[in-house]
Amino acid sequence: MVIDNVKVDDKVCEIISEIMDESYTDIQILTHKLYSKGDDIKASKTIWMKKSGKEYSEAFAGTGEARIILLVNDIVNAQSNSLILIDEPEISLHPSAIYKFKEFLLQECLNKKHQIIITTHSTQLIKDFPREAVKLLVKNGEKIDVIENIDYQDVFFELGDVYHSRKMIYVEDRLAKYILDFIITHSGSENLKQNLVVRYIPGGANQIICNNILNSSYLDSDNHYFWLDGDQNTNVSESNNLMNYLENGVIISDKIPEADNGKLDKIIRELTGCSIKFKVSGNKGQRNDTELIEKRRRFIDYWSRYVSYLPFQTPELYLAKLCDSVDSEDYDFSTDENGKEYFRKKTKEALGIEDITSEDVFQEQRRAVSKLQSDPKMFQDIKEKLEALF
């Protein structure tokens, strides 16, 4: 049964021609149930098109070509102020077509005030979007966390992509990033300014260890460094259990004898403070223990090379104590173990209001970072730690 037979208008043909870099002169979309065996089956669509003098149906077209025709036609004919949901429109499209399709979407948003939500695995589709337009969905146990206001490179690093152009340092939060950026900017080193990028990964240290660092160990990423807050430091060099595996203060897998392979999981828990699940292949319900041992040893070596700690417990507590010292105050930190209450108090005083936001507090913390130069030893220690990467 044929439900509808629509000849798309010339505007749609022009848009599709621009996106696909082809010349479409005629497109028809046939909606039918010719392949259905019951009335409750969803209708199918068949596309007939004329391009560069050739006529054919979607049976002889690429998957990306057929999807773009349907998407563009539906979006062009959508009412103004529509909410449009699109799932991975980049499938089977070459990069140039993805860029042009993105331009089309942005123009439609401007012209017809649409709100468009896209799920994607394409860097071409989101690389020019502002941070506030990007949301990252991260599986956290049985829940899905939505991380907002995130750079697209951080998104694709989370998805397992690798960047080789510059050295990347990943920290736990934006205040730690701001501190490192401040030191890089005021370091006087063009090498640091040009060849280092600092990113933060929301979700906490446990999330970074069990996801980002684990994935980087699989990929053996050689330009990704993870600087966790000092309160995550497990001080392995002081552990009696790990003493035999140490070399220059870090654990080296070559120093762990094969006889201790059964202890690798315990070693990693003591090293990281986390219980990490390694993905390995299996056969008939039996896991590949050889692969598991190899991945655990690789993780230990990756951790020793690319994971280290900031020289303070948390950035908030360090800055709070620095400000307290510089301003000759006498703040009681006995009930403020992480320094967060100090900055909430300072923010309220500075703004003269009680109802403050996390952004208000962050702006107060940013102002406090300028006092880092009053602590030349800390400034120099971090600068040298950065320079040591080269």
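Each residue takes its place number in the sequence, starting with 1.
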Subject >> Leu110 reachable from Ile19 in the ILVMFWY side-chain graph, under 4.5 Å edges >> reply: no
Subject >> CG-CZ distance between Leu292 and Arg287, expressed to the nearest 0.5 angstrom >> reply: 5.0 Å
Original post:
Above 12 or not: heavy atoms from other molecules or residues under 6.0 Å from NZ of Lys385?
Top reply: yes
Subject >> Min side-chain heavy-atom separation Leu30-Lys45 under 4.5 Å >> reply: no
Original post:
Asp265: what forms a side chain to side chain donor-acceptor pair (under 3.5 Å) with it, not counting sequence neighbours?
Top reply: Arg269
Original post:
Quick one: does NZ or CZ of Lys295 land under 6.0 Å from the six-membered ring centre of Tyr218, within 45 degrees of the ring axis?
Top reply: yes
Subject >> Donor + acceptor pair across side chains of Asn215, Asn211 (<3.5 Å) >> reply: no
Subject >> SB check Arg344 Glu341 (cutoff 4.0 Å) >> reply: yes
Subject >> CA sep, side-chain torsions, deciding dist, call: Asp332, Ser334, side-chain hydrogen bond (donor to acceptor under 3.5 Å, both in side chains) >> reply: CA-CA 6 Å; Asp332 181 11; Ser334 63; 2.6 Å; yes
Original post:
Quick one: do Lys383 and Asp381 make a salt bridge, cutoff under 4.0 Å?
Top reply: no
Subject >> Residue pairs fulfilling salt bridge (charged side-chain N to carboxylate O under 4.0 Å, His left out) with at least one residue in residues 99-127, sequence neighbours excluded >> reply: Lys102-Asp128
Subject >> More than 12 heavy atoms of other groups within 6.0 Å of Asn81 CG >> reply: yes
**OP:** Indicate whether the side chain of Glu18 and that of Tyr24 have a donor and an acceptor atom separated by less than 3.5 Å.
**Re:** no
Original post:
Under 4.0 Å between a Lys/Arg side-chain N and an Asp/Glu carboxylate O for Glu294 and Arg297?
Top reply: no
Original post:
Tracing side-chain links under 4.5 Å among I, L, V, M, F, W and Y, which residues wind up in one group with Val6?
Top reply: none
**OP:** Verify ring pair (Phe, Tyr, Trp, His ring centres under 6.0 Å) between Tyr306 and Phe226, making sure each step is shown before the conclusion.
**Re:** CA-CA 6 Å; Tyr306 297 106; Phe226 299 86; 8.4 Å; no
Original post:
Can you tell if the side chain of Ser187 reaches within under 4.5 Å of the side chain of Leu386, non-hydrogen atoms only?
Top reply: no
Original post:
What residue pairs, at least two apart or across chains, pass salt bridge (charged side-chain N to carboxylate O under 4.0 Å, His left out) with a residue in residues 68-89?
Top reply: none
Subject >> Lys167 to Tyr225, cation-pi by 6.0 Å centre distance and 45° axis angle >> reply: no
Subject >> Straight-line distance of Ile184 CD1 to Leu196 CG, nearest 0.5 Å >> reply: 5.0 Å
**OP:** May I ask you to decide whether Lys266 forms a salt bridge with Glu270, counting only side-chain N to carboxylate O separations under 4.0 Å?
**Re:** no
Subject >> side chain to side chain contact (heavy atoms under 4.5 Å, CB included) against Asn288, all qualifying residues, sequence neighbours excluded >> reply: Ser281, Thr290, Glu291
Original post:
Within the side chain of Ser82, is there an N or O that forms a donor-acceptor pair under 3.5 Å with the backbone of Ile84?
Top reply: no
Original post:
Salt-bridged, Lys340 to Asp336, with N to O below 4.0 Å?
Top reply: no
Subject >> Results of side chain to side chain contact (heavy atoms under 4.5 Å, CB included) for Ala176 - residues two or more places apart only >> reply: Val171, Asp173, Leu310, Pro315
**OP:** Would you indicate whether the side-chain heavy atoms of Ile86 and Leu105 approach each other to under 4.5 Å?
**Re:** yes
Original post:
Between Phe101 and Tyr99, does the ring centroid distance fall short of 6.0 Å?
Top reply: no
**OP:** Could you tell me whether Arg305 and Asp222 make a salt bridge, using a distance below 4.0 angstrom between a side-chain N and a carboxylate O?
**Re:** no
Original post:
So, His32 versus Ser44: side-chain donor-acceptor pair below 3.5 Å or not?
Top reply: no
Original post:
Does a donor on one side chain and an acceptor on the other come within less than 3.5 Å for Thr357 and Asp360?
Top reply: yes
Subject >> Side-chain H-bond candidate by donor/acceptor type, Lys321 with Tyr342, under 3.5 Å >> reply: no
Original post:
Looking at CG of Asn338 and OG1 of Thr314, how far apart are the two atoms once the value is rounded to the nearest 0.5 Å?
Top reply: 6.0 Å
**OP:** Mind checking salt bridge (charged side-chain N to carboxylate O under 4.0 Å, His left out) for Glu329 and listing every partner two or more places apart, or none if nothing turns up?
**Re:** Lys346
Original post:
Residues in side chain to side chain donor-acceptor pair (under 3.5 Å) with Tyr309, at least two apart?
Top reply: none
**OP:** For the residue pair Glu90 and Thr120, confirm or rule out a side-chain donor-acceptor distance under 3.5 Å.
**Re:** yes
Original post:
From Cys323 SG over to Glu364 CD, what is the distance, rounded to the nearest 0.5 angstrom?
Top reply: 8.0 Å
Subject >> Test of ring centre spacing under 6.0 Å for Tyr170 and His224 >> reply: yes
Original post:
Is the count of non-hydrogen atoms from other residues, nucleotides or ligands lying under 6.0 Å from Glu55 atom CD greater than 12?
Top reply: yes
Subject >> side chain to side chain donor-acceptor pair (under 3.5 Å) partners of Asn244, counting only residues at least two apart >> reply: none
Original post:
Is Tyr318 close to Gln313 at the side-chain level, that is, under 4.5 Å between some pair of heavy atoms?
Top reply: no
Subject >> Side chains of Gln28 and Val8 in contact at under 4.5 Å (non-hydrogen atoms) >> reply: no
Original post:
Other than Leu83, which residues form its hydrophobic cluster under the rule that side-chain heavy atoms must be closer than 4.5 Å?
Top reply: Leu85, Ile117
Can you give me every donor-acceptor pair (side chain of residues 245-252, partner residue at least two apart or in another chain, under 3.5 Å) with its distance?
residue, atom, partner, partner atom, Å
Tyr245, OH, Asp260, OD2, 2.7

Original post:
Is a side-chain donor-acceptor pair under 3.5 Å present for Ser57 with Trp48?
Top reply: no
Subject >> Residues in side chain to side chain donor-acceptor pair (under 3.5 Å) contact with Arg67, at least two apart in sequence or another chain >> reply: none
Subject >> Donor + acceptor pair across side chains of Asp301, Ser253 (<3.5 Å) >> reply: yes
Subject >> Neighbour count above 12 (heavy atom, 6.0 Å) for Gln79 CD >> reply: no
